[in-house]
Amino acid sequence: MERLDKLIASRGTLSRKDAQKQIRSGAVTVNGAVCRQIDCKVDPDTDEITVAGQAVCTDRHLYIMLNKPAGVVSATEDRREKTVLDILPEELKRPGLFPAGRLDKDTEGLLIITDDGDFAHRMLSPKKHVDKRYIAKLDGEITPEMITAFENGIIFRDGTRCLPAKLEILPETDGLSGIVTICEGKFHQVKKMFSAVGRKVVHLQRISIGNLYLDSKLPIGKAKKMTKLDIDAIFLGNLH
Ligand code: URA
């Protein structure tokens with residue numbers, strides 16, 4: 001059981017003080033009845049809470065799928081740039097959210113935002129080998145030699161060796177776009193892998209993490225709450 005004011009403040013954008021104000025003013029309901037008691041004990045698993053008519057998401061942790069647009073940075077805050085947290089809708093904002101992994105500022109596609117550190121660690125740990133799949137548009141054709149080089153493990157100019165990766169030509173793109181599957185997350189990894197074989201990535205989009213695919217109906221820049229099935233899909237069916 002949790003205190004009502006604490007729960008509202010921890011699951012939304014209100015401060016503890018503002019949550020208390022709302023409760024005292026009669027704007028908060030618990031299971032349909034107005035509750036003016038700030039220290040009322042509520043069960044986040046079963047009680048339904050509203051503030052000014054809006055349901056409070058009482059889940060202990062939140063998992064958000066964002067179709068990241070280009071032009072925002074994968075950070076919790078930034079002095080100059082807009083962050084992936086800035087573009088979340090108000091109803092999905094809550095304290096403690098962070099992007100689980102990074103996409104470059106100019107990369108689009110699937111990014112998970114959560115407040116669950118254990119989950120993020122499990123997903124990002126190199127030991128777990130969770131596959132990440134990207135569509136890369138290039139400045140030149142993909143050759144069979146490049147596919148073999150990816151299979152054998154690309155070596156960056158500085159000597160860093162990548163784990164074996166899969167490179168497939170995306171049909172009907174004249175060999176100019178590929179689907180890359182990697183199971184690690186080195187800085188600028190996909191761009192550097194292509195650079196090592198003489199290609200420049202002109203557009204990059206992440207389409208999946210594990211067996212979780214970017215929802216094709218989710219427009220660029222939009223976010224949605226993930227389901228338990230979505231979360232489980234991340235850890236299913238890896239390349240390694
Ligand atoms: N690899 C890159 O080069 N950039 C990304 O944003 C993700 C993977």
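Only heavy atoms go into these numbers, but all of them, side chains included; no hydrogens, no water, no symmetry mates. Indexing begins at 1, ligand by ligand and atom by atom, following the structure's order. Here the structure is a predicted model, which means the values were calculated and not measured.
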Visitor: Test your reading of the structure: does Arg102 have an N or O sitting under 3.5 Å from an N or O of ligand 1?
Guide: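 No, since none of the N or O atoms of Arg102 sits under 3.5 Å from an N or O of ligand 1.
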
Visitor: If you count the non-hydrogen atoms of other residues, nucleotides and ligands that lie under 6.0 Å from NZ in Lys192, is the total more than 12?
Guide: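 Yes, NZ of Lys192 has more than 12 neighbouring heavy atoms, counting only those of other groups under 6.0 Å.
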
Visitor: Does Leu204 reach ligand 1 with a nitrogen or oxygen that is under 3.5 Å from one of the ligand's nitrogen or oxygen atoms?
Guide: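 In this structure, Leu204 places no N or O atom under 3.5 Å from an N or O of ligand 1.
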
Visitor: Would you say that Glu2 contacts Arg11 through its side chain, given a criterion of any heavy-atom pair below 4.5 Å between the two side chains?
Guide: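 The answer is yes, as the side chains (C-beta and beyond) meet within the 4.5 Å cut-off.
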
Visitor: Is it the side chain, the backbone, both or neither of Asp104 that has a heavy atom closer than 4.0 Å to ligand 1?
Guide: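 Within the 4.0 Å criterion, Asp104 contacts ligand 1 through backbone and side-chain atoms alike.
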
Visitor: Which residue and non-hydrogen atom of the protein lie closest to atom 1 (N) of ligand 1, and at what distance in Å?
Guide: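 In this structure, atom 1 (N) of ligand 1 has Val190 N, 3.1 Å as its nearest protein heavy atom.
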
Visitor: Going by the angle between their ring planes, with limits at 30° and 60°, are Phe235 and Phe119 parallel, tilted or perpendicular?
Guide: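 Answer is perpendicular, since the angle exceeds 60°.
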
Visitor: Check for me whether Tyr134 has a heavy atom closer than 4.0 Å to any atom of ligand 1.
Guide: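 Checking ligand 1 against Tyr134, which is what was asked, there is a heavy-atom contact under 4.0 Å.
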
Visitor: Please say whether Lys192 places an N or O atom under 3.5 Å from an N or O atom belonging to ligand 1.
Guide: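 Not met; the criterion fails.
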
Visitor: Quick check on contacts: which atoms of ligand 1 are under 4.0 angstrom from a heavy atom of Thr107?
Guide: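 Atoms satisfying the 4.0 Å criterion: 4 (N), 5 (C), 6 (O).
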
Visitor: Are Met146 and Leu176 grouped together when hydrophobic residues (ILVMFWY) are joined by side-chain heavy atoms under 4.5 angstrom apart?
Guide: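 Different clusters: Met146 never reaches Leu176 through Ile, Leu, Val, Met, Phe, Trp or Tyr contacts under 4.5 Å.
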
Visitor: With a cutoff of under 4.5 Å between side-chain heavy atoms, which Ile, Leu, Val, Met, Phe, Trp and Tyr residues group with Ile135?
Guide: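 Noted: Ile135 shares its cluster with Leu170, Ile179, Ile207.
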
Visitor: Less than 3.5 Å apart, which donor and acceptor atoms pair up between the side chains of residues 33-42 and the rest of the protein, not counting sequence neighbours?
Guide:
residue, atom, partner, partner atom, Å
Arg36, NH1, Arg24, O, 3.1
Gln37, NE2, Asp39, OD1, 3.2

